[in-house]
*Asks:* 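I have a structure I would like to understand better, so I am pasting it below and will then ask my questions one at a time.
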Amino acid sequence: QLGLELLDLPCGAEAASILTVSTPEPPGFESLYATLRERGYLLYAAKPPLGHHYFKASVMGDIEDTDLAGFLAALATLVPAAAGRRAAGG
């Protein structure tokens, strides 16, 4: 729904607790990181050569459905594609 893509990895190479997600432009990783950190969520920069195009989101620890919903809602406020759908009533 946010228009972000997951890094397509070969079957069996996926991590169980880390997602590698395309970085929306704008806002770009630095702004995304800073804003989400202020809201209590941490992202990780992907390492080269993926660093400028992807970030990593980890789903480890004592995480409730409400935590995930809050993260996705916070992320949606920063992603232009989601903002366009909200404005269109979608």
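For the numbers below, each heavy atom of this structure counts, side chains included, while hydrogens, waters and symmetry mates do not.
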*Asks:* Hydrophobic clusters here meaning ILVMFWY residues chained together by side-chain heavy-atom distances under 4.5 Å, can you tell me if Leu75 and Leu68 are in one?
*Replies:*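 Result: no, two separate clusters.
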*Asks:* May I ask whether Leu7 and Tyr44 are part of the same hydrophobic cluster, defined by side-chain heavy atoms of I, L, V, M, F, W, Y residues being less than 4.5 angstrom apart, directly or through others?
*Replies:*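 No; tracing contacts between hydrophobic side chains, which count when under 4.5 Å, never links both residues.
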*Asks:* Throw together a table of side-chain donor-acceptor distances under 3.5 angstrom for residues 25-33, partners on residues two or more places apart or in other chains.
*Replies:*
from	atom 1	to	atom 2	distance (Å)
Tyr33	OH	Arg37	NH1	2.9

*Asks:* Hydrophobic clustering (ILVMFWY, side-chain heavy atoms < 4.5 Å, transitive) - are Ile63 and Leu19 grouped together?
*Replies:* no
*Asks:* If you count every heavy atom of other residues, nucleotides or ligands that lies below 6.0 Å from Glu14 atom CD, does the total exceed 12?
*Replies:* yes
*Asks:* Per the side-chain hydrogen bond (donor to acceptor under 3.5 Å, both in side chains) rule, what does the pair list look like for residues 49-70, sequence neighbours excluded?
*Replies:*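 Only Thr20-Lys56 qualify under side-chain hydrogen bond (donor to acceptor under 3.5 Å, both in side chains).
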*Asks:* Going hydrophobic residue to hydrophobic residue with side-chain gaps under 4.5 angstrom, can you get from Val79 over to Leu42?
*Replies:*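 Yes, one cluster joins them.
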*Asks:* Identify whether Leu72 and Leu78 are in the same connected component of the hydrophobic contact network (ILVMFWY, side-chain heavy atoms under 4.5 Å).
*Replies:*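 Yes; tracing contacts between hydrophobic side chains, which count when under 4.5 Å, links both residues.
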*Asks:* Excluding sequence neighbours, so at least two apart, what forms side-chain contact (heavy atoms from CB on, under 4.5 Å) with Ala74?
*Replies:*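 Only Leu36, Arg39, Tyr41 meet the side-chain contact (heavy atoms from CB on, under 4.5 Å) criterion with Ala74.
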